[in-house]
Each structure stands twice: as C-alpha cells, then as structure tokens.
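The shown structure was predicted, so the numbers you read here are calculated from the model rather than taken from an experiment. Here is how names work: the chains are called A, B, and so on, in the same order as the sequence lines, proteins then strands, and each is numbered from 1.
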Amino acid sequence: MADENKHDEEFLHKLRHSTSHVMAQAVLEMFPEGKIAIGPPIENGFYYDFDLPRTLTPEDLAQIEKRMKEIIQGRYPFTRREVSPEEARGLYKDQPYKLELIDGILAAGTDEYGNPVEGGATLSTYKHDHFEDLCRGPHVENTSQIPADAFKLLSIAGAYWRGDEHNKMLQRIYGTVWPSRKDLTEYLEMLEEARKRDHRKLGKELELFTFDEEIGPGLPLWLPKGGIIIEELERLAKEMEYKAGYERVRTPHLAKEDLYLHSGHLPYYAESMYPPMEMEGVRYYVKPMNCPFHHKIYASKPRSYRDLPLRLAEYGTCYRYEKSGELFGLMRVRSMQMNDAHMYCSEEQFEEEFLGVVSLYLEYFRLFGIEKYVMRLSTHDKKGLGKKYVDNERLWLKTEEMVRRAMQHGNVPYLEVADEAAFYGPKIDVQVWSAIGKEFTLATNQVDFAQPGRFNLTFTNRGGQEEMPLCIHRAPLSTHERMIGFLIEHYAGAFPVWLSPVQARIIPITDRHVAYAQQVAEQLKAAGLRGDVDSTAERMQAKIRNAQLQKIPYMLVVGDKEAAASAVAVRLRTEENLGPKPLAEFIARALEAIRMRQGI
RNA sequence: GCCGACGUAGCUCAACAGGCAGAGCGGCCGAUUUGUAAUCGGCUGGUUGCCGGUUCAAUUCCGGCCGUCGGCUCCA
C-alpha cells in the first residue's frame with residue numbers, strides 16, 4: 001500500500017512537471033520572444049515563470065489552456081538527452097534565465113532549482129514536440145498521458161527571479177493537474193469548501209472581528225463576540241501558566257530608543273518597527289516585542305540561583321510594521337497580543353525548561369484537537385553570522401545541540417531547517433496550515449543566548465560567582481490574532497462550548513413564552529453561562545436556523561410544556577435533538593463540557 | 001515593498017456598448033403566535049472607496065491615492 005502510494009506520488013510529480021512543460025510551450029508559441037525561467041511541480045499542481053513582453057490576462061489563460069489541449073493530443077513523447085555545456089549554451093542562447101541556470105548548475109553542482117546534486121552536475125534536457133527544456137526530469141513518457149480534461153490554469157502571479165526581491169519580477173502561471181477529471185473536480189470542490197471556513201469570511205459572519213479603513217490596515221477591531229474568545233484563551237493561559245510556575249508581569253507599550261539599541265533589536269528590526277516618535281528630544285518606539293522589558297524586570301534586582309528558573313509571562317500587545325502586501329486577515333497583522341513569556345535558567349536547567357514548554361504546547365494541541373502540525377527546529381546559517389544572526393558560532397552550535405538533545409530526550413519528532421533561526425538563537429517553530437493551505441508559524445519556542453549578555457543579566461551561582469542565565473522565549477498560544485484566526489478555521493466557526501461567544505440560544509416558541517425564556521436566561525447567567533433569548537417575531541424554525549448559522553452550540557426551545565416543567569428542549573448545533581431536559585440537568589451538562597473545555 | 005486583479009446599500013451581488021443605480025438578506029413598522037434550518041405585507045437604506053481628468057452626460061473611459069484579494073518577498 002505504502003509502495004503504491006509512492007508510485008502515485010511519483011506519477012503525480014511527473015504528471016505535474018510534464019504539464020508545466022506543455023504550458024511553457026503554449027506560452028512561448030503565443031510570445032515567441034518570451035523568456036522562460038523555471039517550472040517545477042508543486043503540491044497539487046505546478047507553475048512556470050515567464051518574462052513576457054506584456055502582462056497576462058485571464059483571457060490569455062483560456063487561450064493557453066486551449067493550446068495545451070492540442071499539444072497533449074499530439075501524443076508527443078518526452079525524450080531525455082544529456083547535453084554538453086557548449087551545446088546547452090547554444091540551445092539557450094536567447095534564453096538568459098536558462099543560461100544563468102546552466103552556469104549555476106556547472107559552478108555549484110546544483111540542479112535548476114538550486115538544490116545540490118550528488119555526483120556532480122550533468123546537463124540534461126527533455127523534449128516533446130519542438131519544445132526542449134533544460135530539465136532534470138523525470139517526466140511522463142508521452143503527452144497523451146496528461147488527461148486533457150483534468151488540468152486547469154488557476155492564476156497569474158508575480159514572482160521574483162530566483163525568489164530574490166532584488167531580482168526582476170516575472171509572471172508566474174499556477175496550474176493544477178490530476179490523473180482524472182474526477183480528481184480535478186474533487187480538488188476544486190475541496191478548495192471551494194476550504195473557502196467557506198476561511199477565517200476572514202467566518203469572522204465577518206460570526207461578528208468576531210472587523211477592520212476599518214480609517215483605523216489602518218492590519219489593525220483588527222475585536223467585536224464583543226471575538227472579545228469573549230480572547231478572554232477565554234487568556235483564562236486558559238493564566239491557569240496553565242500558573243500551574244507551570246510562571247509569574248505574570250505587565251509592561252508598557254513603548255520605550256526609549258536606547259532600550260532597542262541595547263537589546264540589539266533595532267539594527268535587525270528597524271524595517272518592521274513603526275517609526276519613532278520624539279518628545280523633548282527623546283525618541284520612543286512602540287514595542288515590536290516584549291523581551292527587552294522582561295529582561296529589565298529580571299535585572300531589577302540581583303538574582304540568585306535559587307530564583308531560577310524565573311518565568312515571566314505577559315499577554316503583551318506588540319506592533320510590527322509588516323509590509324502592506326504581507327498582511328493577511330488575522331493571520332498576519334500589525335497589532336498583536338502575544339502569549340509571551342521569558343524564562344531565565346541556568347544551563348543545567350535548560351533541557352527541563354525547554355521540554356516543559358514543549359509539553360505545554362502538546363497539552364494545548366491536545367485540548368484543541370490540533371493534529372496537523374510540524375515542529376521545526378530552525379537553526380542558523382554560517383553565512384548569516386554577523387548579519388542576520390548574532391556573531392557567535394560557538395554558542396549557536398552549542399545551543400542548537402542543546403535543543404536537539406532536549407527534543408530527542410523528550411521523544412518529540414521534529415524537522416530541522418537551516419537558516420530560519422531568530423537572530424539571537426535557535427528555535428522550535430510549530431508550523432500549521434490555514435484553510436486555504438497557507439503555511440504559518442503558529443507558536444514558537446526560542447533559545448536566546450545573546451540578549452542576557454547584552455543586558456548583563458546574571459545570577460549568583462552556588463559557588464558565589466556571577467553566571468549568565470540562558471533565556472527561553474515562548475508563545476505556545478501564538479498571538480490572539482493568529483491563534484483565533486487559526487481556531488476559526490480549525491473549528492470552521494463551531495467552537496467548543498467553552499470558547500463559544502454565545503453558548504445557548506433560548507428560543508421561545510411564541511411570544512407568550514418569552515417571559516419564561518427570560519427566566520431561563522437569568523438562571524443560565526447565574527450559573528455563569530453565556531445565553532441569550534431570541535424574542536424576534538419569527539417562527540421557531542427561523543430562530544433555529546439563525547442559531548444554526550451562528551453555530552451556537554445549544555438551542556433551548558421553550559414552549560408550554562417546558563414552561564410547565566421548568567425544562568428546556570435541547571437541540572445541539574450538530575442537529576442532534578436531546579428533547580426536553582430539566583433546566584438544572586442542562587446546566588450541569590453545559591458546565592461539565594466547559595469545565596473539561598471539550599465538546600458541547 | 002513588488003506584480004496582477006478587484007472595490008456599487010450593514011451583508012451577498014445585479015446594472016447592454018457612457019444616458020435619472022437595482023434585487024435578496026438585514027434593519028424598522030404592522031399582521032401572524034406557529035414544536036426543531038427561512039411566515040406575510042409595507043417602509044427604510046447609496047455623493048457607486050477617495051481625489052482629479054475626458055465628455056452635453058461617468059458606477060461605466062483615463063490618471064493618482066487608499067483599501068482588499070491572488071501570489072512573490074518577509075514573518076509570531
């Protein structure tokens with residue numbers, strides 16, 4: 001079975017890669033003077049980058065698709081051949097991007113995407129019809145293996161040559177292709193379904209948050225219902241952090257420039273900080289992170305080894321000037337409330353502290369039922385030392401090894417990726433995917449060996465000597481913005497009761513039941529439940545529909561029978577009808593679900 | 001920030017090829033009083049994102065700005 005899947009994967013890969021070649025041929029026929037860059041297969045499809053004399057339009061895509069179908073039906077075989085550097089250069093003398101790729105392959109021993117190739121570089125091409133592309137392959141044997149009714153060109157986008165923003169921007173066409181028409185249809189339907197759970201759409205429908213042009217891009221307004229979710233998440237964080245020995249602190253939203261110079265953030269971060277404001281000759285910045293403030297709290301008095309680990313927690317509000325094109329609903333914003341904490345510990349305590357954080361993550365993920373995530377160990381890259389990263393290779397290697405060891409000892413699977421670290425140390429990032437497939441770092445757990453030194457943070461060890469602590473930065477619940485954006489999609493808006501803004505909607509069948517409904521509401525309130533009464537002049541059916549659309553977990557229908565018996569007829573949003581229950585029984589059930597923070 | 005598309009009522013969306021801007025939902029008023037996903041009728045609602053240009057006339061064509069979206073870059 002696993003073997004079969006592997007074959008499927010290989011075939012899909014070849015299919016997608018081959019379709020991208022066919023597309024490139026079609027585009028070059030349309031624009032004979034066009035330049036082609038690269039066109040790899042990707043998850044669910046493929047793309048190809050072009051440098052063309054004019055911008056593409058959606059109508060062009062239809063044209064290109066049409067031509068692609070003709071090419072496919074030409075039943076052209078894909079043939080591979082190896083070419084000498086001279087021949088390759090001759091073949092692509094009018095294709096500057098290909099020439100650059102050839103040079104790269106020969107110089108660095110990499111393939112056309114810059115990945116190293118074992119056994120040195122060989123130049124090869126794949127040809128079908130009259131289109132011959134510099135390519136390592138593999139491909140399907142014949143264009144006829146591409147189902148002409150199972151591919152679709154999806155979008156046109158800009159993309160920098162070699163992914164570098166200093167390079168020219170090319171035009172990228174994204175497409176998708178599947179083994180059959182049915183697979184394609186299913187994929188497109190899946191995309192459609194995913195759009196329905198998009199947090200931007202649900203956030204509006206469920207009245208959780210909004211943006212206002214006059215307030216500013218990336219600055220969300222939390223509506224009352226969203227505010228409830230924030231309150232509940234903070235309550236959870238406070239409970240968990242209290243149990244784990246954290247202490248809560250509070251720090252201001254801005255500080256003098258000196259602080260960020262001192263922390264070392266300013267040179268690395270200036271681009272993404274709001275510009276300074278000046279008062280009486282002093283420059284202040286609104287904070288993009290909480291760490292320097294917490295360091296100052298650590299430094300507020302002499303520390304002993306007996307004080308460690310010291311764990312300072314704060315839901316701190318930070319502001320980062322993300323580039324305009326990078327903003328994305330709640331997932332990428334400019335004002336954010338971070339589930340932040342900094343723990344200061346000795347080297348011996350590091351592993352236990354670090355694993356303590358990881359287990360906190362896992363506890364949260366279990367609670368939320370988050371199963372699809374990847375823990376990524378992000379390490380430094382030698383080339384970035386002194387630029388992107390603090391220039392201390394010895395400590396980089398040492399702390400990276402410490403994290404590896406901690407993860408291995410804790411039996412936590414992780415993936416290691418170079419050149420993704422924070423500037424002050426390695427980190428574990430938790431990667432998740434939004435409904436529409438965008439990847440995000442949800443939470444992060446970072447080692448910091450640089451800032452304690454910059455702030456002269458020390459503690460007196462057992463031997464009476466001053467020692468520098470390590471610092472761990474962590475944010476298991478991410479920021480409220482990203483966490484809630486993610487949870488909206490994760491639950492498709494149907495939050496478990498404890499997070500539901502409205503936990504119970506009381507539905508009087510006729511106006512004469514409103515008084516009883518209000519009594520029920522009072523009792524829910526007294527029990528600490530969030531309930532409201534739908535007293536609109538609608539029929540019960542309409543009231544139920546509205547509650548369903550709002551994804552309210554409990555609908556309590558009350559009519560004559562219920563009023564007479566101090567009962568409520570309980571309907572769940574899953575459409576399960578529990579029938580009449582004594583009010584006290586319902587309240588007990590709801591409170592239990594809330595206490596467990598599970599289900600409805 | 002870069003490339004491209006888009007922006008019409010609170011929401012979802014119409015308006016031939018420049019010629020007085022429309023529907024459904026919502027909201028308000030009234031009628032109805034109903035047992036598990038939409039009761040009926042009436043009313044209300046817009047300087048068509050903003051600024052400028054072309055034109056007798058601009059939602060429509062052109063330019064600039066703002067915002068959103070799809071990507072790229074970047075990122076909690």
Side-chain angles (χ1 to χ4, degrees), chain A residues 47 49 55-58 154-174 195 198 200-201 204-205 207 210-218 269 271-272 288-290 318 320-329 331-333 336-340 420 422 427 429-432 436 438-446 473-483 485-486 507-514 536-550 555-562 569-573 575-580:
Chain A
Y47 67 78
D49 288 346
T55 38
L56 292 164
T57 65
L154 298 174
S155 60
I156 306 160
Y160 299 107
W161 165 236
R162 298 214 139 157
D164 184 334
E165 63 179 320
H166 304 293
N167 286 343
K168 180 164 189 185
M169 181 157 271
L170 308 174
Q171 296 191 68
R172 173 174 296 180
I173 303 179
Y174 280 98
R195 269 181 219 117
D198 190 315
R200 292 167 296 184
K201 181 176 154 70
K204 192 180 280 183
E205 288 170 2
E207 296 180 10
T210 189
F211 288 92
D212 186 284
E213 271 196 35
E214 209 165 347
I215 286 175
Y269 256 90
E271 287 272 292
S272 49
M289 67 283 295
N290 304 300
C318 297
R320 295 183 183 174
Y321 196 85
E322 304 290 356
K323 293 182 193 170
S324 56
E326 291 163 353
L327 300 174
F328 179 77
M331 302 299 238
R332 194 74 179 276
V333 290
M336 68 206 86
Q337 304 159 70
M338 295 178 65
N339 172 228
D340 214 354
E420 290 284 341
K427 55 178 179 170
D429 286 325
V430 181
Q431 301 302 108
V432 296
I436 57 172
K438 240 175 150 80
E439 180 175 340
F440 285 93
T441 299
L442 185 66
T444 183
N445 188 11
Q446 317 179 338
H473 305 234
R474 41 111 280 177
L477 289 179
S478 192
T479 63
H480 280 321
E481 289 70 20
R482 189 169 285 184
M483 189 73 198
F486 175 80
I507 298 177
I509 292 175
T510 75
D511 286 353
R512 70 175 184 280
H513 305 116
V514 169
T536 56
E538 287 292 345
R539 297 168 59 201
M540 178 200 63
Q541 282 86 339
K543 294 176 183 176
I544 285 174
R545 179 165 192 273
N546 290 334
Q548 285 286 155
L549 291 174
Q550 284 294 303
M555 280 151 269
L556 307 180
V557 177
V558 295
D560 290 331
K561 285 180 281 184
E562 289 76 15
V570 182
R571 175 191 164 111
L572 307 181
R573 71 173 166 225
E575 299 194 35
E576 192 183 348
N577 192 343
L578 303 184

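As judged by a 4.0 angstrom heavy-atom cut-off over every strand, A:Ser478 is placed among residues touching the sugar-phosphate backbone only. In this structure, A:Phe328 reaches the sugar-phosphate backbone alone: every heavy-atom distance under 4.0 Å involves primed, P, OP1 or OP2 atoms, never a base. A:Arg172 comes within 4.0 angstrom of the backbone, heavy atoms only, and of no base. When heavy atoms are screened at a 4.0 angstrom cut-off, A:Val430 is found touching no nucleic acid atom at all.
The phosphate of B:G1 has OP1 or OP2 within less than 4.0 Å of a side-chain N or O from A:Ser324. An OP1 or OP2 oxygen of B:C74 is reached within less than 4.0 angstrom by no side-chain nitrogen or oxygen of A:Tyr321.
Rounded to the nearest 0.5 angstrom, A:Asn167 CG and A:Tyr160 OH are separated by 10.0 Å. Atom CZ in A:Arg474 sits 5.0 Å away from atom CG in A:Asn339 (nearest 0.5 Å). Separation of atoms CD1 (A:Ile507) and CD (A:Glu562) is listed at 11.5 Å; rounding is to 0.5 Å. Atom CZ of A:Arg200 is separated from atom CE of A:Met331 by 9.5 Å, given to the nearest 0.5 angstrom.
Separation of the C1' atoms belonging to B:C13 and B:A17 is 22 Å when rounded to the nearest angstrom. Distance noted for atom C1' between B:C50 and B:A76: 34 Å (whole Å). Spacing between B:G52 and B:U59 at atom P, rounded to whole Å, works out to 14 Å. Comparing B:U55 with B:C74, their C1' atoms sit 45 Å apart, to the nearest whole Å. If you take atom C1' in B:A38 and the same atom in B:G1, they sit 47 Å apart, rounded to whole Å. Between B:G27 and B:A21, the two P atoms lie 28 Å apart (nearest whole Å). If you take atom C1' in B:C62 and the same atom in B:C40, they sit 49 Å apart, rounded to whole Å. Here the separation of B:C25 from B:C43, taken at their P atoms, is 14 Å to the nearest Å.
For A:Asp164 and A:Arg162, the salt-bridge test fails: no basic side-chain N is under 4.0 Å from an acidic carboxylate O.
Checked by distance alone, A:Gln431 brings no side-chain donor or acceptor within 3.5 Å of a matching partner on the base of B:A76. Judged by distance alone, with hydrogens and angles left aside, A:Arg200 brings no side-chain donor or acceptor close enough to the base of B:C69 to form a pair under 3.5 Å.
Remark: the backbone N or O of A:Leu477 is not paired with any side-chain donor or acceptor of A:Arg482 at under 3.5 angstrom. Proximity of a side-chain donor or acceptor of A:Lys543 to a complementary backbone N or O of A:Pro508 within less than 3.5 Å is detected. With A:Asp212 contributing its side chain and A:Glu214 its backbone, the two residues share a donor-acceptor pair below 3.5 Å.
Residues satisfying the side chain to side chain donor-acceptor pair (under 3.5 Å) criterion with A:Asn546, sequence neighbours excluded, are absent altogether. Contacts of A:Ser155 classified as side chain to side chain donor-acceptor pair (under 3.5 Å), with partners at least two apart in sequence or in another chain: none. A:His513 pairs by the ring-ring contact (aromatic ring centres under 6.0 Å, His included) definition with nothing, not counting sequence neighbours. Listed by chain and number, the residues in a side chain to side chain donor-acceptor pair (under 3.5 Å) with A:Arg573 amount to none (sequence neighbours excluded). In this view, A:Ala159 and A:Asp49, A:Arg172 satisfy the side chain to side chain contact (heavy atoms under 4.5 Å, CB included) rule, not counting sequence neighbours. Not counting sequence neighbours, the partners of A:Tyr269 by the ring-ring contact (aromatic ring centres under 6.0 Å, His included) test are A:His265. Residues passing the side chain to side chain donor-acceptor pair (under 3.5 Å) test with A:Ser272, sequence neighbours excluded: none.
Of the candidates B:A76, B:G70, B:C72, the closest approach to any side-chain atom of A:Tyr160 belongs to B:C72. You'll find that the side chain of A:Met336 is closest to B:A76, out of B:G1, B:U68, B:A76.
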In B/S/- notation, 5' to 3', how is nucleotides 33-38 of chain B contacted by protein heavy atoms closer than 4.0 Å? BBBBBB
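Between A:Lys427 and A:Phe211, the one whose closest nucleotide on RNA chain B sits nearer the 5' end is A:Phe211. Where A:Asp198 and A:Glu165 meet RNA chain B, the nucleotide closest to each residue was compared, and A:Asp198 sits on the side nearer the 5' end.
A straight line from CD of A:Glu322 to P of B:C2 spans 16 Å, rounded to a whole angstrom. B:C74 atom P lies 13 Å from atom CD of A:Glu271, rounded to whole Å. The distance between atom CE of A:Met331 and atom P of B:C69, rounded to the nearest whole Å, is 13 Å. Between the CD atom of A:Glu205 and the P atom of B:C25 there is a distance of 17 Å, given to the nearest Å. Going from atom CG of A:Asp49 over to atom C1' of B:G71 covers 11 Å, rounded to whole Å. Straight-line distance from the NE2 atom of A:His480 to the C1' atom of B:A76: 13 Å, rounded to whole Å. Atom NZ in A:Lys438 sits about 11 Å away from atom C1' in B:C74, given to the nearest Å. Residue A:Glu439 contributes atom CD, which lies 12 Å from atom P of B:A76 at whole-angstrom precision.
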Please enumerate all protein N or O atoms sitting under 3.5 Å from an N or O of nucleotides 3-8 of chain B, with distances to 0.1 Å.
from	atom 1	to	atom 2	distance (Å)
B:C3	O2	A:Gly158	N	3.2

Produce the list of close N/O pairs, under 3.5 Å, pairing protein atoms with atoms of nucleotides 9-16 of chain B; give distances to one decimal.
from	atom 1	to	atom 2	distance (Å)
B:U12	OP1	A:Lys204	NZ	3.4

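Pairs of Watson-Crick or G-U wobble type, with distances under 3.5 Å, assemble into runs of 3 or more in RNA chain B at these ranges: B:1-7 with B:66-72, B:10-13 with B:22-25, B:27-31 with B:39-43, B:49-53 with B:61-65.
For residues 320-329 of chain A, the salt bridge (charged side-chain N to carboxylate O under 4.0 Å, His left out) pairs, not counting sequence neighbours, are A:Glu165-A:Lys323, A:Glu322-A:Arg332, A:Glu326-A:Arg332.
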